[in-house]
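Since the structure comes first, as structure tokens, the remarks are kept for the end.
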Amino acid sequence: MDHVALTAIDGAPALVELRVRGPEPSVGAGPAAGPEVEPGATTRVAADGLAEAVRRREAAGPVRWVWESSARHYPPLLAAGVRVERCHDLRLARRILRSAPALRAAGSELATAPADAWDAPAGPRAEPVGGALFELEAPAAPDPVAEFARQRAALAAADADGRLALLLSAESVGSLVAEEMRHAGLPWDAERHDAILTELLGPRPPVGARPAHMEELVVRIREALDDPAVNPDSPVELVKRLQNAGLAVRSTSRWELKAIEHPVIAPLLEYKSLQRLHVANGWHWVDEWVHGGRFRPVYVPGGVVTGRWASDGGGALQIPKAVRGAVVADPGWSFVVADAAQLEPRVLAALSRDDAMAAAGRAQDLYTGMVDAGVVETREQAKYGMLGAIYGGTTGESARVLPRLRRAYPRAMALVEEAARAGERGEAVATHLGRGSPRLQAEDWDETRSDAQIARAQQDARAWGRFTRNFVVQGTAAEWALCWMGALRRRLAELGGADPLAGPHLVFFLHDELVVHSPAPLAEAVAAATREAAAEAGRLLFGAAPVEFALSVAIVQRYADAT
DNA sequence: CTGAGTAGCGCC
DNA sequence: AGGGCGCTACTCAG
């Protein structure tokens, strides 16, 4: 695989061919020996000729682009109609390598060096505006060739089985997909959205006014409390009014209200639900975020410490079910919605090599499989038991079934419990591919701590243990999802033509769920591709582990019809 | 007036 | 009682 660095010489873009030794990323590939990055031919490019130069080089043969970040370099290429197959996102890679316990253990230079410009937050995104690139002022790019050499050296020293290399590759393909999805946009029918809002809230009100259905609920709330001045939008005031009316509440949160019998509760909970929809995903949201029939959020790969994506603007990862009916495929097109079933428990089974748990998930719903195996009585028990094991739950149903899970699945339970204990001791933990958890800042030991301080410290330690317990599973699930996405992206490119937007393309990703916008005749092939990609992701991460990564796949016209 | 912090709730 | 987020309006200090 050729590597080409995108860099700048005297302020103008340049492409630097790199000679890179070593195998392509996959678990078990092993590291390449010795110094392995040598700069070769350098081609200077006129500022307005970069997209064309990248297009030509991409067409000349398989290449991995080495660049500061996809967020910075890829949007203008996409705007110019240029798509790249592979990249190495130096900023995302640096963050992962800095976190990786393996580098610390190997005493790698990257693990011990003080923070530099590559650790600083990325500059603002350069957004293509009206076809032309709107260049925001950004700090001078550090030398990408030198940084790439440092990163490869770190892998050579610390990545004996090739896991980190695979993670960097998966993270990088994710960074490409993030920009491609923003470029394509999620089809969004603003009229349909308006119809949904009108049905639930009433017609669009003037700015600042409450929608009719919410106003009616306010009247009912005031009547039920016999208090004509109640304003349900102010939690502080509302709590006082509820207390004045004799309700024993400390807050106005849903779970606290639900436990109370009073005529005000039903209209109040309904009001809060509608208010939430109105302010977060109402008419204002559509005006702000939907243009030309597309919703284009900024996705932030690696935005969560566990490796999950975050989003910046638009609340892309929190689109409520109520408005998913507005996500409508173009005429002649369909959505293929693929959802990984019980992903985190399956990941835990594979991580821990717990063959009994793997067997429960083979060819069926994993929770049902646990019932069939006689481990628990009901699917609900299985579900809450597993969620408790992964999140660190200690009460209710999950606590009751935990002993049975320990007996049936000792390896899986031991893995999460060891991760929790490591966190309680203040140690870092790592995902399957080697992303490290943040390190708990050690507090100064105070010999004169009070009992209350000691109790608080123990509480904090347990909370950190729940975090590290969850980190290994959530983070490894995120790695599986990246590999799934990358494997699917390659298959979609094979199904499509030269123009990605003319063929099936990814338009949405939500932790364990992918949405492809596809020409209707290709939808079945895309559905098959999502399954093949899931199997490939499992092999990439876990080799021959006997864990099946089951999907539920639906071909629909509206996103809401998939769930 | 502005910005930081919080409450509450949406998603996984 | 549990893990991870982002967004909005409200609240309050400066």
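To find a chain, count down the sequence lines: A is the first, B the second, and so on, and within it residues start at 1.
Side-chain contact, A:Asp89 with A:Tyr74: no donor N or O sits under 3.5 Å from an acceptor N or O. Under the 3.5 Å distance criterion, with hydrogens and angles disregarded, no donor-acceptor pair is assigned to the side chains of A:Arg296 and A:His291.
Taking the six-membered ring for Trp and the full ring otherwise, the centers of A:His193 and A:Trp285 sit less than 6.0 Å from each other. The aromatic ring centres of A:Trp484 and A:Phe509 sit 6.0 Å or more apart.
Separating the OH atom of A:Tyr391 from the C1' atom of B:dC11 is a distance of 11 Å, rounded to the nearest angstrom. Note: CG (A:Asp233) to C1' (C:dT11) measures 14 Å, nearest angstrom. Between the CD atom of A:Glu288 and the P atom of C:dG6 there is a distance of 18 Å, given to the nearest Å. Atoms CG (A:Asp312) and P (C:dT8) sit 11 Å apart, rounded to a whole Å. We find that CG of A:Leu317 is positioned 14 Å from P of C:dT8, with the value rounded to whole Å. When the C1' atom of B:dC11 is taken as reference, atom CD of A:Glu344 falls 13 Å away, rounded to whole Å. Atom CD of A:Gln275 and atom C1' of B:dA7 are 13 Å apart (whole Å). Remark: P of C:dG6 and CH2 of A:Trp285 are 17 Å apart, rounded to the nearest angstrom.
Within 4.0 Å (heavy atoms only), A:Gly314 reaches sugar-phosphate atoms of the nucleic acid but no base atom. No contact: A:Gly303 has no heavy atom under 4.0 Å from any strand. Counting any heavy atom pair closer than 4.0 Å across all strands shown, A:Arg469 reaches no nucleic acid atom. Backbone-only contact: A:Val305 has heavy atoms under 4.0 Å from sugar-phosphate atoms and none from a base. A:Ile319 comes within contact range of the sugar-phosphate backbone alone, with a heavy-atom separation under 4.0 Å but no base atom that close. Within the nucleic acid shown, A:Arg308 comes within 4.0 Å of at least one base atom, counting heavy atoms only. Residue A:Asn281 is out of contact with every strand shown, counting any heavy-atom pair closer than 4.0 Å. Residue A:Gly388 is out of contact with every strand shown, counting any heavy-atom pair closer than 4.0 Å.
Taking every side-chain heavy atom of A:Ser253 into account, B:dC9 is the closest of C:dG4, B:dC9, B:dC11. Of the candidates C:dG4, B:dC9, C:dG3, B:dC9 carries the atom nearest the A:Arg254 side chain, counting heavy atoms from C-beta on. Out of C:dC5, C:dT11, C:dC7, the shortest distance to the side chain of A:Val304 is found at C:dC5. With distances taken from any side-chain atom of A:Lys321 to the nucleotides C:dG4, C:dA9, B:dC12, the minimum falls on B:dC12. For A:Arg324, the side-chain atoms get nearest to B:dC11 when compared with the rest of B:dC11, B:dC9, C:dC10.
Ring geometry for A:Phe542 versus A:Phe549: interplanar angle under 30°, hence parallel rather than tilted (30 to 60°).
Remark: A:Thr252 is in phosphate contact with B:dG8, judged by side-chain N or O atoms under 4.0 Å from OP1 or OP2. Close to B:dG8, at under 4.0 Å from its OP1 or OP2, lies a side-chain N or O of A:Ser251. Side-chain N/O atoms of A:Arg276 include none lying less than 4.0 angstrom from OP1 or OP2 on B:dG10. Contact check, A:Lys272 against B:dG8: no side-chain N or O comes under 4.0 Å of OP1 or OP2.
With hydrogens and angles left out, the side chain of A:Gln318 and the base of C:dG6 share a donor-acceptor pair within 3.5 Å.
Residue order along DNA chain C, read from the 5' end via each residue's closest nucleotide, puts A:Arg466 first among A:Ala280 and A:Arg466. Both A:Ser311 and A:Gly396 lie close to DNA chain C; mapped to their nearest nucleotides by heavy-atom distance, the more 5′-ward contact belongs to A:Gly396.
A 6.0 Å sphere centred on CD of A:Glu215 holds more than 12 heavy atoms belonging to other residues, nucleotides or ligands. Around atom NE2 of A:His284, no more than 12 heavy atoms belonging to other residues, nucleotides or ligands sit under 6.0 Å away.
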